[in-house]
2 protein chains.
Amino acid sequence: MRMSELSRRSGTSVTTIKYYIREGLLPPGRQTAATQAEYDEQHLRRLRLIRALVGVRGLSVSAARDVLNALAEQTGDTHVVLGLALGAIRLAEEPAADSPETAEVDDLVKELGWNVHEAAPARAALAETLTSLRTLGAPLHWRTLLPYAHLAEQTASVDLDQLDGIEDPLELAERALLLTVLLEPALLALRRMAQENESARRHGEH
Amino acid sequence: MRMSELSRRSGTSVTTIKYYIREGLLPPGRQTAATQAEYDEQHLRRLRLIRALVGVRGLSVSAARDVLNALAEQTGDTHVVLGLALGAIRLAEEPAADSPETAEVDDLVKELGWNVHEAAPARAALAETLTSLRTLGAPLHWRTLLPYAHLAEQTASVDLDQLDGIEDPLELAERALLLTVLLEPALLALRRMAQENESARRHGEH
DNA sequence: TAATCTGGATAGTAGAGATATCCAATTCTA
DNA sequence: TAGAATTGGATATCTCTACTATCCAGATTA
């Protein structure tokens, strides 16, 4: 298909598609002449994925590029694929100065007995939140996070159940990405609704 | 205290503080002369809260203003305060065209028996994610979300437990805000780590 | 009193994420 | 096959957000 069809079927303007190609989010089409190129279903699929990551999840264009590139290169086993999908987000963060909270996160992970990479960005994200809360005068002891962590364990188990039975490595990788990244706003939305419901149940006059 | 002290103690430049005052995120100081004003601990506290919302959570300045204003106006009971804190995020979204997924979300909420406001932005967020997944050719039936929803219920319960015993309405409101909004990246980080761990347990060679 | 600091106003900056315009080559349409 | 429309690619321009810098008259400090 030509660029105009790609544009029409994806609901993205031609200029925006050109921009994504320039930025390396979308591979260029297969050149058929000096000023003609051909695009296929892969391009359409990838373009829709970009719009979902950028639009729904709010990823930056450069973060989306990192994720997609990691995805395209990887055809290994589930564990590696998933790890890549996870790690690619916020990859470009600075290592973050060692706060006292880094040690707290270590304690938490140790207590849980989790097998988590030492350099996982999630560790830093967690430490940063704890630091913020302390600075705000509302410090949270890491033990307070234990119930949340156990719920996260169960959530992760549900996540991986959904990947069971997918054979094709590429499909597996993409599915893992969708489940991890795209489902995040949905999970937060569920939490908000559950909070509203629970709050009404405990204190409300509904 | 003067602006320079406010700046020093908050780690925020004077010009940025002025910018926040202009934008209505921070109330102006108490004027003591034509070119002098006085700031207090409330200002410092609020400023730190702003930095946390904008920096850690990545809220836009206008979203942070909406949240903080809702917080400042509210001194009612837990339920109302929490509802405000929840609703204020993504408040300025357009109502979002009625997709087929809106009905799916209704089904989900009905099945769960949750008491959730009809216009809650979380409903739209959830519908949007489902729409994205369908567009990407990886549709997710709302029943698939049920296990996640039950985990969200338990998470919300832990959330509200933490607010128990706080008497001061202002403190309650602020704490609710922190728990809801600021804890979000931490919960996602826990999920990522749990995924990595579970993936290693199931498929890994670690 | 002189140097510094203050709040407030206005203007300017940097980066992200597109958009718009131009061009020569190519392809559709009549 | 002529002429209009479209294409890919390059470059320039735009809009928005979140700051940042400068200026100034009045206030404070040394």
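Order of the sequence lines sets the chain letters (A, B, ...), proteins ahead of strands, with each chain counted from 1.
Residue A:Tyr39 places at least one side-chain N or O closer than 4.0 Å to OP1 or OP2 of D:dG8. Dashed line: the shortest gap from a side-chain N or O of B:Gln31 to OP1 or OP2 of C:dG8 is under 4.0 Å. Between A:Ser13 and the phosphate of C:dT19, there is a side-chain N or O to OP1/OP2 separation shorter than 4.0 Å. Proximity of A:Tyr20 to the phosphate of C:dA18: a side-chain N or O atom is located under 4.0 Å from OP1 or OP2. Phosphate contact (OP1/OP2 of C:dT19, side-chain N/O of A:Thr16, threshold under 4.0 Å): present.
The base of D:dT20 is paired with the side chain of B:Arg22 by a donor and an acceptor separated by under 3.5 Å.
Of all nucleotides listed (C:dG17, D:dA18, C:dT6), D:dA18 comes nearest to the side chain of B:Val61. Across D:dC19, C:dA18, D:dT6, the shortest atom-to-atom separation from the side chain of A:Ser4 is found for D:dT6.
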Audit row: B:Glu38, B:Thr32, side chain to side chain donor-acceptor pair (under 3.5 Å) steps and yes/no: CA-CA 7 Å; B:Glu38 183 74 13; B:Thr32 61; 5.7 Å; no

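Distance A:Tyr19 OH to C:dG17 P: 5 Å, rounded to the nearest Å. Atoms CE (B:Met3) and C1' (D:dA27) sit 15 Å apart, rounded to a whole Å. The distance between atom CD1 of A:Ile21 and atom C1' of D:dA10, rounded to the nearest whole Å, is 13 Å. Between the CZ atom of B:Arg8 and the C1' atom of C:dC5 there is a distance of 14 Å, rounded to whole Å. Between A:Leu6 atom CG and D:dT7 atom C1' there is a gap of 13 Å when expressed in whole angstrom units. One interatomic measurement links the two molecules: CD of B:Glu23 to P of D:dC19, which rounds to 10 Å at whole-angstrom precision. Note: CD1 (A:Ile17) to C1' (D:dT7) measures 13 Å, nearest angstrom. Atoms CD1 (B:Ile50) and P (D:dC19) sit 11 Å apart, rounded to a whole Å.
The distance from the CG atom of B:Leu151 to the CG atom of A:Leu187 is 9.0 Å, given to the nearest 0.5 Å. Note that OG1 of B:Thr155 is 11.0 Å distant from CD of A:Glu198, once rounded to the nearest 0.5 Å.
Counting only distance, with no hydrogens or angles, the side chain of A:Arg48 and the backbone of B:Gly137 share no donor-acceptor pair below 3.5 Å.
Within 4.0 Å of A:Val54, counting heavy atoms only, lie sugar-phosphate atoms of the nucleic acid but no base atom.
Contact check on A:Arg143 versus A:Asp107 returns no salt bridge, with no Lys/Arg side-chain nitrogen under 4.0 Å from an Asp/Glu carboxylate oxygen. Note on A:Glu41 versus A:Arg9: salt bridge recorded, some NZ/NE/NH1/NH2 to OD/OE distance being below 4.0 Å.
Nearest-nucleotide positions on DNA chain D for A:Glu38 and B:Arg51 put A:Glu38 closer to the 5' end.
Here the options are A:Asp159, A:Leu160, A:Val158, the test is side chain to side chain contact (heavy atoms under 4.5 Å, CB included), and the partner is A:Gln162; only A:Val158 passes.
Side-chain contact between A:Leu183 and A:Leu178 is absent, with no heavy-atom pair separated by less than 4.5 Å. Between B:Trp114 and B:Glu153, the closest side-chain pair of non-hydrogen atoms falls below 4.5 Å.
With axes fitted over five pairs at each extremity, the angle between the ends of the helix from C:dT1-D:dA30 to C:dA30-D:dT1 is 0° (10° resolution).
Counting non-hydrogen atoms of neighbouring residues, nucleotides and ligands closer than 6.0 angstrom, the CD atom of B:Gln42 reaches no more than 12 such neighbours.
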Each nucleotide of nucleotides 21-30 of chain C classed B (base within 4.0 Å of a protein heavy atom), S (only sugar-phosphate) or -, in 5' to 3' order, makes ----BSS---

